[in-house]
Amino acid sequence: MEMEKVYNPQAIEGDLYREWEESGAFTAHRVEGKKPFTIVMPPPNITGQLHMGHAMDCTLQDALIRYHRMKGDPTLWLPGTDHAAIATEVKIVEAMAKEGLTKESLGREKFLERAWQWKKDYGGRIVHQQRRMGVSCDWSRERFTMDEGCSKAVRETFCRLYEKGLMYRGARMVNWCPCCQTSISDAEVEYKEQDSHFWHLLYPVKETGEMLELATTRPETMLGDTAVAINAEDPRYAHLHGCHVLLPLIDKEIPIVCDEHADMTKGTGVVKITPAHDPNDFEVGQRHNLPLVRVFTDDGHMTGAADKAENDELFASGKAAVGEPTVLDCGKYAGMTTLEARKAIVSDLEALGLVKKIEPLKHEVGTCYRCHTTIEPMVSKQWFVDMKPVTIPAIEAVKSGKTKFVPERFTKNYMNWMENIRDWCVSRQLWWGHRIPVWYCDDCGEMMVLREDPTCCTKCGSTHIHQDEDVLDTWFSSALWPFSTLGWPDQTEDLKYFYPTDVLVTGYDIITFWVSRMITTGVEEMGETPFHTVLIHGLVRDALGRKMSKSLGNGVDPLEIIDQYGADALRTSLVMGVSPGNDMRFSTDKVESARNFANKIWNASRFVLMNLGDTAEPMEGKTFSAADKWILTRLDDTIREVTAHFEDYDLGLAAQKIYDFAWNEFCDWYIELSKVTMNGEDQDARRATCAVLRHVLISLLKLLHPFMPFITDAVYRYIPDTEGTIMLSSWPVQDAALVFPEAAREMEGVMDVIRAVRNLRAEMNVAVGKRAHLMVRPKEGWTHAMAGAEEYLKRMAWVSEMKLLGDGEAAEGKTVSAVSEAAELFIPLGDLVDIDKEIARLTKERDSVARDIQRAEGKLGNQGFLAKAPAQLVEQEKEKLAVNRDKLAKLDARIDDLKNM
RNA sequence: GGGGUCGUAGCUCAGCUGGUCAGAGCGCCACGUUGACAUCGUGGAGGUCGUAGGUUCGAGCCCUAUCGACCCCACCA
């Protein structure tokens, strides 16, 4: 089959991927006695579609996976998707709203049916998109965080934590989203600066009648105040210890308490305490045994009589325990939103003259990371994980180096989070997620935490039982991902063989959410950290450096890019030259240049294949040309460098090296040089070069395959005597028999001469097509190399005829000249040469060489340098000096000659 | 308040444990239809590596300070 002149990715990608997948090439196999290489894919949310972040994420993973597969490791890349509890539920509710439906109107069961349908639709879509990227993961092992196995793992973990006393239920302060109507974890709160005010309020002291001034940013919470705090050391208020204030508007008597939370240096030193609606106040409340009074409903309105009645009933029935908040009937404010209540309360207080002043203030307000609604801190009954005990071994795992972050600096992020860990609120008031495996007996009040669904109360046998309404935080199941996906809690063969996995690839933005929790649960449940390396990458930003987001509308759809430029080009543009952990800007310019690179590879391959015909010339028994030896040596260097970069996870540099080798050395130099032999008469030499062209091309394609899987495999199949797919071929290794340092050095010298001639011609404005005579006077030791360079010079530097001059032999006629490392060059240009101009040009070069000499002499004249610098470096410097001195002498002589003409 | 990142050619960025590191891509200028490739080739211009000190024989690369852009965590009655 003939190769097209221009590489067309659309023509091959789809078929190639299908073939890979159907052939089972992605499937992992356990090979006893061989150490596997395993990556568990961070599961994308089923909410949306693939974005550039995913594209980068899976490109990095796929590159690592393909590299290891070619190295011969039993390789597993396990894919999957995440149910993304709150994110998905929000989407589904939005979609339902368009049909005029609500969760409540639908009911839990019907809602979940919809959710599963959603999963089917969108989960499938994202997986299709990943395939377009060329990911070589083992689809036969694909998992979902809510599939049977993962759910079992979740339940097991919950029960174990409970049994160890690390999972508890308690009334605690949570971040409440009135819009999503659920609690969210601290990590899910986004702080945003907002314009607001400081309201300075006056509370009358009952005993003394004086007015206590205090400031608040949330006056609407005042009805829930159950104390006012002052600092015990504060002399201003020493006389108020043990006194009370009358809470304005409702004339409720509340105590003045002394607490360290009241900071004498801030404001008036007086703080109102609303234990039910502020985290700090909650703490104060605990210390002073203050009642908790709720004034907000779950959906962000002021509580009223009905709410109070409902709450009272709970207490009466004994279902609400001591320590839970009571509810206030806010009277005229009942039913208002918190913002409406703020206005109303402030204006009523103003009417009473109880607002001393209002000052403007910018402050950070917590918002929900999903819907961006302002978070209301609220006391509510939730399930928490006691994190401190499980965190200690997880910190140790990183400290001891069992898990390393790449780049290392992200270790600090991890440590900072872990060392200041707080209890993790894991219950969510949602329907989509893993239901909390806890049942309550309606008759005896027994609480049951169970691995299997019960039919009756385990204590009293009553069948009047109900399950906890809440589900678990989505990160709870994510935390188990590295082993739940391998079959845990069952001791499966996969689990035994592939756990612990090797590398986790993810963005720095979820180190706290996810990475820390995987390490924690991995160490806790499996006794072993889930991966030895965490490879952190940055965010993909838009061309202007902004985060890609829906609201900005600056997101780029990876699929559109693939349609236009091909998956290989997209992948390459996302990794090449990108340094680990740093954000990158995405631009179509980059994709375009990657696309051009693909085309370059395609055409270089075409050239090779046109010359090979149908024969696969072997490397054995050949006599290689100087150029052959040079490219083989350079290939060896490149294999070493690229492999080293893969081992260091520095994929950006690995890709860059391959690019440079392919384009600058293989295409620009070797292919051009090879034309000399390919068009020559010497059949042996021709066969040798054919062998080298084929060998280097194959090696290059292999090195490139992890980044550009499609084009490399497509081309590989055209090459005579290759079998199967390149993805299952072997990674190139260095071969001492194919390294020729001396020959390579000579070739570099010749290349330098070629550059010098091109340079001369360009400066003299000699048209490329116009051939020129060349006289070459080799320097000492270069005669042999230069004598063999004639054909190269003819082809590469448009020389018509080359004449070798002996040592000291003068060039005839008017010439322009140059001095390179290997030789002096003269090109006769007849009367075209302006002698003064030529002198000026040479003088400029001479001065530059003189500067180099000066620098080298300075260095070598420095005792410190001679004494402390490595000997090799000193030697190198001396050589360089000698070469330059020679060059300077030649230039001076030449300038003299010209002046005498 | 604690921690971190970035500031290198017009633009986007690479530069490994300090010693050919002053680089690449894009852009720009000049020339070019040499049968792999114009998604190309050849040549060229452009930077005292934010600023000021310091360590060192030697510093984009280490230290200190400073300016500028940004991120994370904690907190702000």
Return yes if the base of B:rU39 and the side-chain atoms of A:R595 contain a donor-acceptor N/O pair under 3.5 Å, otherwise no. yes
Tell me which nucleotide, if any, is Watson-Crick or G-U wobble paired with B:rC75 when both distances must be under 3.5 Å. none
For a quick test of reading the model: is some side-chain N or O of A:N759 closer than 4.0 Å to OP1 or OP2 of B:rG44? yes
Mind checking if A:K675 touches a base, just sugar-phosphate, or nothing, with heavy atoms under 4.0 Å? base
Ignoring hydrogens and angles, state whether a donor on the side chain of A:T588 or A:K590 is under 3.5 Å from an acceptor on the partner side chain. no
Determine the interplanar angle of the A:F597 and A:W663 rings, folded into 0 to 90°, and report it as parallel if under 30°, tilted if 30 to 60°, perpendicular if over 60°. parallel
Can you confirm whether the side chains of A:S593 and A:N596 place a donor and an acceptor under 3.5 Å from each other? no
Would you check if the side chain of A:S800 reaches a backbone N or O of A:A772 as a donor-acceptor pair within less than 3.5 Å? yes
For B:rU12 and B:rC28, measure between their C1' atoms and round to the nearest Å. 16 Å
Who is the Watson-Crick or G-U wobble partner of B:rG23, with both distances under 3.5 Å? B:rC13
Per atom distances to the A:A762 side chain, the nearest of B:rC73, B:rG43, B:rC40 is B:rG43
Checking all strands, does A:E672 fall into the base, sugar-phosphate, or nothing category for heavy-atom contacts under 4.0 angstrom? base
To the nearest Å, how far apart are A:R541 CZ and B:rC6 P? 14 Å
By the 4.0 Å heavy-atom rule, please label A:T512 as base, sugar-phosphate, or nothing. nothing
Output the single nucleotide from B:rA77, B:rG43, B:rU12 whose closest atom is nearest the side chain of A:K590. B:rU12
Minimum heavy-atom separation for A:D225 to A:T221, with atom names? OD1-O, 3.5 Å
In whole Å, what is the span from the CD atom of A:Q876 to the C1' atom of B:rC21? 13 Å
Counting side-chain heavy atoms from CB outward, which of B:rG19, B:rG41, B:rA14 is closest to A:W663? B:rG41
Send over the distance from A:D542 CG to B:rC11 P, rounded to a whole Å. 17 Å
Using the P atom in both, what is the distance from B:rC57 to B:rC11, to the nearest Å? 38 Å
Across all strands shown, which nucleotide pairs with B:rA59 by Watson-Crick or G-U wobble geometry, both distances under 3.5 Å? none
At 4.0 Å (heavy atoms only), tell me whether A:D583 reaches a base, stays on the sugar-phosphate, or touches nothing. nothing
Assign the ring pair A:F410 / A:Y508 to parallel, tilted or perpendicular, where the plane angle (0 to 90°) is split at 30° and 60°. parallel
Selection residues 561-577 of chain A - residue pairs positive for salt bridge (charged side-chain N to carboxylate O under 4.0 Å, His left out), sequence neighbours left out: A:D62-A:R571, A:R132-A:D563
Paired with B:rG35: which nucleotide, if any, by Watson-Crick or G-U wobble criteria at under 3.5 Å for both distances? none
From C-beta outward on A:P870, which listed nucleotide comes closest to its side chain: B:rA77, B:rG44, B:rG19? B:rG19
Would you measure the distance from the C1' atom in B:rG27 across to the matching atom in B:rU34 and give it in whole Å? 27 Å
Rounded to whole Å, CH2 of A:W417 lies from P of B:rG4 at a distance of 19 Å
For the side chain of A:R585, counting heavy atoms from C-beta on, which of B:rC13, B:rC73, B:rG43 is nearest? B:rC13
Shortest side-chain distance from A:K272, nucleotide among B:rG43, B:rA36, B:rA77: B:rA77
Among the candidates B:rG43, B:rA24, B:rA36, find the nucleotide nearest to the side-chain atoms of A:R755. B:rG43
Nearest whole angstrom, please: distance from the P of B:rG23 to the OH of A:Y659. 18 Å
Quick check: A:Y718 with A:F607 (ring centres under 6.0 Å apart)? no
Quick check: any donor-acceptor pair below 3.5 Å linking the side-chain of A:E213 to the base of B:rA77? no
Counting side-chain heavy atoms from C-beta on, which of B:rA14, B:rG43, B:rC26 comes nearest to A:S579? B:rA14
Going by atom types alone, do A:E359 and A:H200 pair a side-chain donor with an acceptor below 3.5 Å? yes
Is there a Watson-Crick or G-U wobble partner for B:rU51 with both distances under 3.5 Å, and if so, which one is it? B:rA65
Enumerate the residues from residues 408-416 of chain A whose closest heavy atom to RNA chain B is under 4.0 Å, giving them by residue number; use none for an empty result. A:R409, A:K412
From the options B:rC57, B:rC75, B:rG41, select the nucleotide whose nearest atom is closest to the side chain of A:R422. B:rC75
Could you tell me how far apart A:Q656 (CD) and B:rC16 (P) are, to the nearest whole angstrom? 14 Å
Looking at A:W669, is A:R634 sitting on its ring face, NZ or CZ under 6.0 Å from the six-membered ring centre and within 45 degrees of the normal? no
Quick one: label A:L214 by what it contacts on the DNA or RNA (base, sugar-phosphate, nothing), any heavy atom closer than 4.0 Å. nothing
Report the base-pairing partner of B:rU42 (Watson-Crick or G-U wobble, both distances below 3.5 angstrom), or none. B:rA30
note: A:D278, atom CG; B:rC75, atom C1'; distance rounded to Å ~ 12 Å
Base, sugar-phosphate, or nothing: which does A:S587 touch, judged by heavy atoms less than 4.0 Å apart? nothing
Closest to the A:K5 side chain: B:rC57, B:rA36, B:rC37? B:rC37
Mind calculating the distance between CG (A:L651) and P (B:rG15) to the nearest angstrom? 13 Å
Under 4.0 angstrom, heavy atoms only, what part of the nucleic acid is A:N582 near: base, sugar-phosphate, or nothing? sugar-phosphate
Could you check whether A:L653 gets within reach of a base, just the sugar-phosphate, or nothing at all, counting any heavy atom under 4.0 Å? sugar-phosphate
